[in-house]
Enquirer: 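Before we start, here is the structure in question, set down as structure tokens.
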Amino acid sequence: YIELSTGSTEKHLKKKAQKRVDFKHHFLIYVLVIAFLWVIWALTGRGHLWPIWPTGGWGIAILFQYIGAFNPFQIYSVEKEIEKLKKNKR
């Protein structure tokens, strides 16, 4: 039987919210910088497709940060387990 105190729940929610805010800021910076790199590439003769490397590399990092912030694969999430425990308690 697990019971979270209000203080620890608040800390958990604040940490989760901070991860999501950080992701949104990071994603905005990613979009702006990558767009700028593609514009530079387009204006300088469109030779070797070099912007693909920072787009892909940084994109992978953004993907992992998204997964950490929003947990889209909530098969094994703490929140779901807590909800199950609360339902079973009744």
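The chain is numbered in sequence order, starting from 1. This structure is a prediction, so every number in the text was calculated from the model and none was measured.
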Enquirer: If you compare all heavy atoms of Lys19 against all heavy atoms of Ala69, which two are closest, and at what distance to 0.1 Å?
Expert: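 Reported closest heavy-atom pair: O-CB, 3.6 Å.
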Enquirer: With the side chain counted from C-beta on, respond yes when Asp22 and Gln65 share a heavy-atom pair under 4.5 Å apart, and no when they do not.
Expert: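 Side chain of Asp22 against side chain of Gln65, heavy atoms only: contact under 4.5 Å found.
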Enquirer: Could you work out, with side-chain contact (heavy atoms from CB on, under 4.5 Å) as the rule, every residue matching Phe70, not counting sequence neighbours?
Expert: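 Expected list: Arg20, Phe23, Lys24, Tyr66.
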Enquirer: What pairs with His25 under side-chain contact (heavy atoms from CB on, under 4.5 Å), at least two apart in sequence or on another chain?
Expert: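 Listed in chain order: Val21.
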Enquirer: Would a hydrophobic clustering, with Ile, Leu, Val, Met, Phe, Trp and Tyr connected at side-chain separations under 4.5 Å, put Val39 with Leu37?
Expert: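 No, it is not one cluster - the side chains of Val39 and Leu37 are not joined through contacts under 4.5 Å.
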Enquirer: May I have the list of side-chain donor-acceptor pairs in residues 42-52 shorter than 3.5 Å, sequence neighbours left out?
Expert:
from  : atom 1 : to    : atom 2 : distance (Å)
Thr44 : OG1    : Ile40 : O      : 2.8
Thr44 : OG1    : Trp41 : O      : 3.3

Enquirer: Side chains of Leu32 and Phe36: closer than 4.5 Å at any heavy-atom pair?
Expert: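 With C-beta onward as the side chain, the pair stays apart.
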Enquirer: Quick one: ring-ring contact (aromatic ring centres under 6.0 Å, His included) partners of His26, sequence neighbours excluded?
Expert: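 ring-ring contact (aromatic ring centres under 6.0 Å, His included) list for His26, sorted by chain: Trp58.
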Enquirer: Report the hydrophobic cluster partners of Phe64, with the cluster defined as I, L, V, M, F, W, Y residues connected by side-chain heavy atoms closer than 4.5 angstrom, directly or transitively.
Expert: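 Its cluster mates, by chain and number, are Ile60.
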Enquirer: Output the distance between atom OG1 (Thr55) and atom CD1 (Ile62), rounded to the nearest 0.5 Å.
Expert: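 Rounded to the nearest 0.5 Å, the OG1-CD1 separation comes to 11.5 Å.
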